[in-house]
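The structure appears below as structure tokens.
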Protein chains: 2
Amino acid sequence: METATCTEKCSQVVPAAEDALYIIAGKWKMRILITLAGGDKRFNELQRALSGISARVLSNELKDLELNGLVSRKILDNGTILYVRNAYADSLRSVMHELVQWGMDHKQKIRNREI
Amino acid sequence: METATCTEKCSQVVPAAEDALYIIAGKWKMRILITLAGGDKRFNELQRALSGISARVLSNELKDLELNGLVSRKILDNGTILYVRNAYADSLRSVMHELVQWGMDHKQKIRNREI
DNA sequence: CTGTATCCTTATTGATACTG
DNA sequence: CAGTATCAATAAGGATACAG
């Protein structure tokens with residue numbers, strides 16, 4: 001049979017892709033990771049750097065990223081709390097690269113009305 | 001300066017990635033592309049194959065995919081309307097591959113509590 | 001069959017204020 | 001400072017009905 005339904009192929013491939021998408025999609029996840037790539041940040045520093053994000057949303061996003069091992073909370077001796085981008089976040093590099101590459105190519109195509 | 005803020009790096013990289021994400025993220029876009037990879041389909045066929053999608057949402061998704069050149073509407077002589085996956089959709093192959101790969105690796109890590 | 005329109009319910013987000 | 005709680009606004013999604 002050549003007419004694959006979604007239930008066949010999707011059940012294998014889509015969940016994996018969706019796991020990945022869930023983690024990096026959305027307005028803030030990538031921005032946070034990129035911002036933290038520039039150095040550890042405190043909560044309020046992050047909020048300022050990501051102009052526009054509310055404390056509530058930032059808090060939730062950070063929890064997600066923490067749960068997925070991409071970011072850690074570090075507590076200094078003086079009590080300061082820092083958010084740190086984990087080395088594991090580098091594993092997203094090739095994913096991101098492909099996304100950026102395709103996004104740029106695609107935008108170019110749209111601009112040139114090749115589509 | 002080593003503390004890059006989001007405004008610097010994000011302004012270059014994030015929009016490109018978001019363009020890509022916008023197009024493939026969401027519950028249905030990928031499923032539709034995968035389903036159409038199994039052969040051209042009519043609107044109702046698609047709706048059935050994608051069990052759970054409403055006509056309204058399917059209609060919107062297809063329009064998005066069409067606008068981005070990933071899918072076309074083909075009208076047969078007898079009036080039948082088919083949705084066709086364009087060759088251009090193959091350009092997403094490497095993006096998808098990276099997403100799926102990372103998603104699988106990640107789930108494995110979570111399962112093993114390596115994170 | 002191929003959609004669109006409408007209505008309704010639910011999820012996301014933002015703004016603001018507030019606690020330890 | 002580091003968040004949480006609450007409420008209001010908006011967006012997104014499903015169900016159903018209906019038009020061409």
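Quick note: numbers below take in every heavy atom, side chains included, and nothing from hydrogens, waters or symmetry partners. Each chain gets a letter, A, B and so on, in the order the sequences are listed, and its residues count up from 1. Worth saying up front: this structure is predicted, and the values here are computed from it rather than measured.
Scanning residues 53-66 of chain B for heavy-atom distances under 4.0 Å to DNA chain C yields B/Ala55, B/Arg56, B/Ser59, B/Lys63.
Taking 4.0 Å as the cutoff to heavy atoms of chain A, we find the contact window on DNA chain D bounded by D/dC1 to D/dT6.
Between B/Lys27 atom NZ and C/dA11 atom P there is a gap of 11 Å when expressed in whole angstrom units. For the pair A/Lys29 NZ and C/dT13 C1', the computed distance is 13 Å after rounding to whole Å. In this structure, B/Ile75 places its CD1 atom 11 Å from C1' of C/dT2, rounding to the nearest Å. In this structure, CG of B/Asn44 is placed 7 Å from C1' of C/dT2, rounded to the nearest angstrom.
If you run salt bridge (charged side-chain N to carboxylate O under 4.0 Å, His left out) between B/Glu18 and each of A/Lys27, A/Arg31, A/Lys29, only A/Arg31 comes through.
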Identify every side-chain donor-acceptor pair in residues 89-97 of chain A under 3.5 Å, counting partners at least two apart or on other chains, and give the distances.
unit_1: A/Asp90; atom_1: OD1; unit_2: A/Arg85; atom_2: NH2; d: 2.9
unit_1: A/Ser91; atom_1: OG; unit_2: A/Tyr88; atom_2: O; d: 2.6
unit_1: A/Ser91; atom_1: OG; unit_2: B/Trp102; atom_2: NE1; d: 2.9
unit_1: A/Ser94; atom_1: OG; unit_2: B/Glu98; atom_2: OE1; d: 3.1

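When only modelled atom types and interatomic distance are considered, A/Asn68 and B/His106 share a side-chain donor-acceptor pair under 3.5 Å.
In this structure, B/Glu61 contributes its side chain and B/Leu58 its backbone to no donor-acceptor pair below 3.5 Å. Side chain of A/Lys74 to main chain of A/Ser72: no donor-acceptor pair is present (N/O by atom type, distance under 3.5 Å, no hydrogens or angles).
In this structure, B/Leu33 CG and B/Ile23 CD1 are separated by 10.5 Å, a value rounded to the nearest 0.5 Å. One finds the OG1 atom of A/Thr35 at 6.5 Å from the CG atom of A/Leu46 (value rounded to the nearest 0.5 Å).
Side-chain contact check for B/Leu82 versus B/Arg73: every heavy-atom pair is 4.5 Å or farther apart.
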